[in-house]
Trainee: 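One structure, pasted below without further comment.
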Amino acid sequence: MWILVLVLGLTAALFSILDVWYFLRAFLAILRARLQPVVKDLLKEHSFSSLVLPHDLDFLLHMNNSRYLREADFARLSFFTRSGLFGAIHSLGAGMVMAACTARYRRSLRLLETFEIRSRLLCWDDKAFYVEQRFVAPKDGFVCAVLLSRQHIIGNSPDKVVQSMCKRKVESPEFPEEVLHWINYNDTSSQKLRAESGASNTKDQ
């Protein structure tokens, strides 16, 4: 009996200090992606299916806005794994972190409602990849939310990563107009924050 109590106690302690479900979901997303066919076209849209569960809900009984970011994280893990982007980054001894993200919510997702996250790489510059993710309701194709993120490459450059994947130099697609506006907003915000802090000579990611 004491062994059972000990196991239950350790499990409770683990769940209290770590977001166990996050790490489990992330592991399963990567594992499933590795078992699926490789997507050789880096610009091809990637689909990731999910479901609104009770722990995703807020007081208004629809999916909490923070859960969209969490689900998008799992979808990106799957996308980057299947496309070979993660492999290329690691082979170059580089890393990748999110430097910016913007979410726009258009329609609520309700309990037990299924949805697809359609991720695609839009473009890249000398520092980062720009990724769009759409939360789509399969029942009518409505885009319930849109996320735009900037994935910053550490220790190398997006051009080198893509070149490693394609075995040749590949130019970035043309930047969509809304991405250019978003980049300008982030740059303006960074300049303002640096001026307020007095760190005018430092640069953000």
Side-chain angles (χ1 to χ4, degrees), residues 14-33 35-36 39 42-83 85-86 96-124 128-152 173 175-190 193 205:
L14 182 64
F15 273 79
S16 67
I17 62 176
L18 286 177
D19 189 351
V20 176
W21 291 121
Y22 172 84
F23 290 105
L24 181 59
R25 286 283 308 280
F27 171 77
L28 292 176
I30 294 174
L31 178 61
R32 185 171 71 172
L35 295 176
Q36 293 175 316
V39 179
L42 185 59
L43 301 178
K44 184 177 181 180
E45 184 178 83
H46 173 271
S47 182
F48 182 88
S49 299
S50 194
L51 174 72
V52 181
L53 297 174
H55 64 257
D56 295 322
L57 303 179
D58 60 16
F59 290 113
L60 298 177
L61 300 182
H62 58 210
M63 191 159 84
N64 185 282
N65 54 19
S66 65
R67 288 291 180 173
Y68 287 83
L69 304 180
R70 184 185 179 98
E71 292 295 322
D73 204 7
F74 300 139
R76 283 194 306 275
L77 288 174
S78 178
F79 173 41
F80 294 158
T81 300
R82 287 192 66 190
S83 66
L85 192 62
F86 269 157
M96 180 167 61
V97 296
M98 179 183 289
C101 179
T102 295
R104 188 163 73 90
Y105 306 100
R106 303 182 70 232
R107 189 175 79 187
S108 297
L109 289 169
R110 300 289 179 178
L111 179 62
L112 301 183
E113 185 175 354
T114 59
F115 59 91
E116 293 179 356
I117 304 176
R118 298 176 184 175
S119 307
R120 64 192 182 105
L121 177 61
L122 298 177
C123 48
W124 59 87
F129 291 105
Y130 296 88
V131 179
E132 180 191 74
Q133 294 179 280
R134 298 185 176 192
F135 286 69
V136 181
K139 61 183 180 182
D140 58 4
F142 189 84
V143 179
C144 299
V146 183
L147 272 73
L148 180 62
S149 64
R150 181 176 189 261
Q151 307 294 324
H152 183 80
F175 279 63
E177 183 179 359
E178 66 272 20
V179 176
L180 292 174
H181 286 302
W182 186 66
I183 293 173
N184 183 61
Y185 158 75
N186 286 322
D187 289 343
T188 302
S189 175
S190 292
L193 293 172
Q205 292 179 340

Trainee: Does Lys139 reach the side chain of Glu113, with side-chain heavy atoms less than 4.5 Å apart?
Mentor: yes

Trainee: For Asn184, what residues pass the side chain to side chain donor-acceptor pair (under 3.5 Å) criterion, not counting sequence neighbours?
Mentor: none

Trainee: Please lay out, stage by stage, how Val146 and Glu178 fare under the test side-chain contact (heavy atoms from CB on, under 4.5 Å).
Mentor: CA-CA 12 Å; Val146 183; Glu178 66 272 20; over 6 Å; no

Trainee: Pair Met63, Cys144 - check side-chain contact (heavy atoms from CB on, under 4.5 Å), show working.
Mentor: CA-CA 11 Å; Met63 191 159 84; Cys144 299; over 6 Å; no

Trainee: Working to the nearest 0.5 Å, report the span between CD1 of Ile117 and CG of Asp73.
Mentor: 9.5 Å

Trainee: Look up atom CE in Met96 and atom CZ in Phe86, then write down how far apart they are to the nearest 0.5 Å.
Mentor: 4.5 Å

Trainee: The criterion is salt bridge (charged side-chain N to carboxylate O under 4.0 Å, His left out); which residues satisfy it with Arg32, sequence neighbours excluded?
Mentor: none

Trainee: Do Leu180 and Glu177 come within less than 4.5 Å of each other through their side chains, counting heavy atoms only?
Mentor: no

Trainee: Do Pro173 and Trp124 come within less than 4.5 Å of each other through their side chains, counting heavy atoms only?
Mentor: yes

Trainee: Kindly write out the residues that satisfy side chain to side chain donor-acceptor pair (under 3.5 Å) with Asp19, not counting sequence neighbours, or none if the list is empty.
Mentor: Arg70

Trainee: If you round to the nearest 0.5 Å, how far is NE2 of His55 from CH2 of Trp21?
Mentor: 8.5 Å

Trainee: Is there a donor-acceptor pair under 3.5 Å between the side chain of Asp56 and the backbone N or O of Leu53?
Mentor: yes

Trainee: Quick one: side chain to side chain donor-acceptor pair (under 3.5 Å) partners of Thr114, sequence neighbours excluded?
Mentor: none

Trainee: Please identify each residue that fulfils side chain to side chain donor-acceptor pair (under 3.5 Å) with Thr81, with sequence neighbours left out.
Mentor: none

Trainee: Residues two or more places apart in sequence or in another chain: which of them pass salt bridge (charged side-chain N to carboxylate O under 4.0 Å, His left out) with Arg120?
Mentor: Glu132

Trainee: Looking at Phe142, I want to see if its CZ is surrounded by more than 12 non-hydrogen atoms of other residues, nucleotides or ligands under 6.0 Å.
Mentor: yes

Trainee: Give a yes or no on whether the backbone of Val143 and the side-chain of Arg106 come within a donor-acceptor separation of less than 3.5 Å.
Mentor: yes

